[in-house]
Amino acid sequence: MTTCHYIRTIINIMQELKKELQKAIAKVVRENRKKSITKSADEIAMGKSMWADLENGIKDPQFSTLWRIAEGLDIKPHVLVKLIEDELGEEFSFLENI
């Protein structure tokens, strides 16, 4: 395997893992939202379209955004991360798949 092919393979694996993470975040946010998207987004000063993108697995939020989302869902940030971790399963890892 050439170095270039190896690098492309790693990039593809990382992109697939990122998509898996985004889907897990989306599912957890959808399942824990008790208010409308508009109200939830407004409460944390986030655009409605960005919140919708999160729930559709399109956006990859920064940690500070996850923190705000947790507050908007009325749960502790570590609980949100744990719920996402549980959704992904114990085998999920960005490092062990390379």
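All values below come from the heavy atoms of this structure, side chains included, with hydrogens, waters and symmetry mates left out.
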Measuring only between side-chain heavy atoms, which start at C-beta, is Thr65 closer than 4.5 Å to Met50?
yes
With hydrophobic residues grouped by side-chain heavy-atom distances under 4.5 Å, do Met14 and Ile58 end up in a single group?
no
For the atom pair CG (Leu17) and CG (Leu88), what is the distance rounded to the nearest 0.5 Å?
9.5 Å
Calculate, to the nearest 0.5 Å, the distance between atoms CD1 and CD belonging to Ile25 and Gln22 respectively.
7.0 Å
Is it the case that one hydrophobic cluster holds both Phe92 and Ile10, taking links as side-chain heavy atoms less than 4.5 Å apart, direct or via other members?
yes
Can you name the residues that form a side chain to side chain donor-acceptor pair (under 3.5 Å) with Arg33, not counting sequence neighbours?
Glu55
Glu85 side, atom CD; Leu80 side, atom CG - distance, nearest 0.5 Å
11.5 Å
Does Glu71 have any side chain to side chain donor-acceptor pair (under 3.5 Å) partners at least two apart in sequence or in another chain, and if so, which?
Trp67
Atom of Ser93, atom of Leu95 and distance for their closest heavy-atom approach:
OG-N, 3.1 Å
Rounded to the nearest 0.5 angstrom, the CD-OG distance for Glu43 and Ser36 is 8.5 Å
Taking salt bridge (Lys or Arg N to Asp or Glu O under 4.0 Å) as the test, write out the residues that go with Asp74, two or more places apart.
Lys35
Salt bridge (Lys or Arg N to Asp or Glu O under 4.0 Å) partners of Lys19, counting only residues at least two apart
Glu16
What is the minimum heavy-atom distance between Leu73 and Val29, and which atoms define it?
CD2-O, 4.1 Å
Rounded to the nearest 0.5 Å, what separation is found between the OG1 atom of Thr2 and the CZ atom of Arg8?
6.5 Å
What pairs with Glu87 under side-chain contact (heavy atoms from CB on, under 4.5 Å), at least two apart in sequence or on another chain?
Ala24, Lys27, Val28
What residues, two or more places apart in sequence or in another chain, satisfy side chain to side chain donor-acceptor pair (under 3.5 Å) together with Asn56?
none
Is the shortest heavy-atom distance from the side chain of Met46 to the side chain of Leu54 under 4.5 Å?
yes
Closest non-hydrogen atoms of Trp51 and Ile37, given as atom of the first, atom of the second and distance, are CD1-CG2, 3.8 Å
Over all atoms of both residues, closest heavy-atom pair of Ala70 and Pro77
CB-CA, 3.6 Å
